[in-house]
Amino acid sequence: MILDLDIGNTLSKWRLKDSVSSEIRSRGAVWTREEWRPGADIPDLDVVEAVRISSVARAAVLDDTVALLRRQVRHVFVARSLPESLGVINGYDEPGRLGVDRWMGVLAGYQLAGGCCAVDCGSAITIDFVLPGGTHLGGFIIPGLRLMKESLKLGTRNVAIDPDSEADALLEPGRRTVDAVNHGIYMAAVSAINRIYSEVCDQQGVALPMLLTGGDARVVSRGVRVPHAVWPDMVYGGLEAICPLTFAERAGRLAGAPRVPEPVSLEKIRAALAFSALL
Ligand SMILES: Nc1ncnc2c1ncn2[C@@H]1O[C@H](COP(=O)(O)OP(=O)(O)OP(=O)(O)O)[C@@H](O)[C@H]1O
Ligand SMILES: CC(C)(CO)[C@@H](O)C(=O)NCCC(=O)O
Ligand SMILES: [K+]
């Protein structure tokens, strides 16, 4: 079995992948904390022959995790943000400072779609761009839905947006605090994503497919007007691409990859942008 780990600021997500059939056998998430201890909600390491890790947690958390895993697993691969990988040139002035989860998303997106806009809706919402030739332009970082809500301190932090809510209902003015906050932060997130996408496609003169991932991807997806696909395993896709282990991975097949969405024409994007500029 291969253990893939995506250690975020809030949650550490894991999945177990069969190294022969490439099937995903199980998955889970635990709070990111001081030490990653096998327990009830963590897979049995005895069956694991290789681990691949993407971590944006503090260095000490990663070091402890790696030390613990190395005692029981032979191959432990830790992904890093590099100046160039798999034909993608990292757009950061200091490439190592780009969050490795973003780098994994960009590599997966490029492998699947060529140029694309990779959006990760987690603790933060990150919006990254890579052009068809492999130039990563950099991106945008805004607070995620939960962070936005917590920062308001209106006693609404425990009432999450119902992931099954209709996007249209979320766009109505709220008539109580919890709705005003939930609808407000939702609008802030989706309108930022729509606008940033249009601005960058306009600047670059190219209509790019959009891919969405992260804990809030499903609910955000309902409000994003730009054609896009949700790819829950996009960060894992980057790990598969950069450190292929199974037969399918070596052949370039990324687990759970969606169909590449067809972007609308650049003319339409520009027309929408020109219209918003008038408002
Ligand atoms: N069980 C859960 N616990 C906490 N957050 C959850 C849960 N389920 C969904 N979420 C949502 O997912 C978001 C967290 O995103 P994600 O799962 O991608 O991990 P993260 O560790 O916070 O992200 P990052 O990698 O950006 O640090 C939160 O904003 C929250 O709204
Ligand atoms: C932005 C987050 C928190 C998103 O998970 C992560 O990618 C990170 O810590 N990045 C480092 C800063 C940067 O990417 O510029
Ligand atoms: K993330």
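We count ligands from 1, going down the list as the structure has it; atoms in each ligand are counted the same way.
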Can you confirm whether Arg225 is buried at CZ, in the sense that more than 12 heavy atoms of other residues, nucleotides or ligands lie under 6.0 Å from that atom? no
Can you tell me if, anywhere in Asp120, an N/O/S atom lies at a distance from the K ion (ligand 3) that is smaller than 3.4 Å? yes
Carboxylate-amine/guanidinium contact Lys17 Glu249, below 4.0 Å: yes
What part of Val100, side chain, backbone, both or neither, has a heavy atom within less than 4.0 angstrom of ligand 2? neither
For ligand 2, which atoms have a heavy atom of Leu98 less than 4.0 angstrom away? 14 (O)
Pull out every atom of ligand 2 sitting under 4.0 Å from any heavy atom of Arg102, numbered as shown with elements. 7 (O), 13 (C), 14 (O), 15 (O)
Start with the C-alpha gap between Arg146 and Thr10, add the side-chain angles, then the distance that decides, and say whether side-chain hydrogen bond (donor to acceptor under 3.5 Å, both in side chains) holds. CA-CA 10 Å; Arg146 193 176 36 79; Thr10 319; 2.8 Å; yes
With a cut-off of 4.0 Å, which atoms of ligand 2 are near a heavy atom of Arg97? 11 (C), 12 (C), 13 (C), 14 (O), 15 (O)
Please walk me through it: do Thr246 and Ser19 pass side-chain hydrogen bond (donor to acceptor under 3.5 Å, both in side chains)? CA-CA 5 Å; Thr246 72; Ser19 15; over 6 Å; no
From CD (Gln204) to CG (Leu131), nearest 0.5 Å: 5.0 Å
Evaluate Ile141 for polar contact with ligand 2, using N/O atom pairs at a separation under 3.5 Å. no
Exactly one of Arg222, Lys149, Met148 clears side-chain contact (heavy atoms from CB on, under 4.5 Å) with Tyr186, and that residue is Arg222
Walk me through whether Thr135 and Val130 qualify under side chain to side chain contact (heavy atoms under 4.5 Å, CB included). CA-CA 5 Å; Thr135 301; Val130 57; 5.9 Å; no
Purely on distance, is any nitrogen or oxygen of Tyr92 under 3.5 Å from one on ligand 2? yes
N or O pair under 3.5 Å between Asp101 and ligand 2: yes
Asn9 heavy atoms, cut-off 4.0 Å: which ligand 2 atoms fall inside? 3 (C)
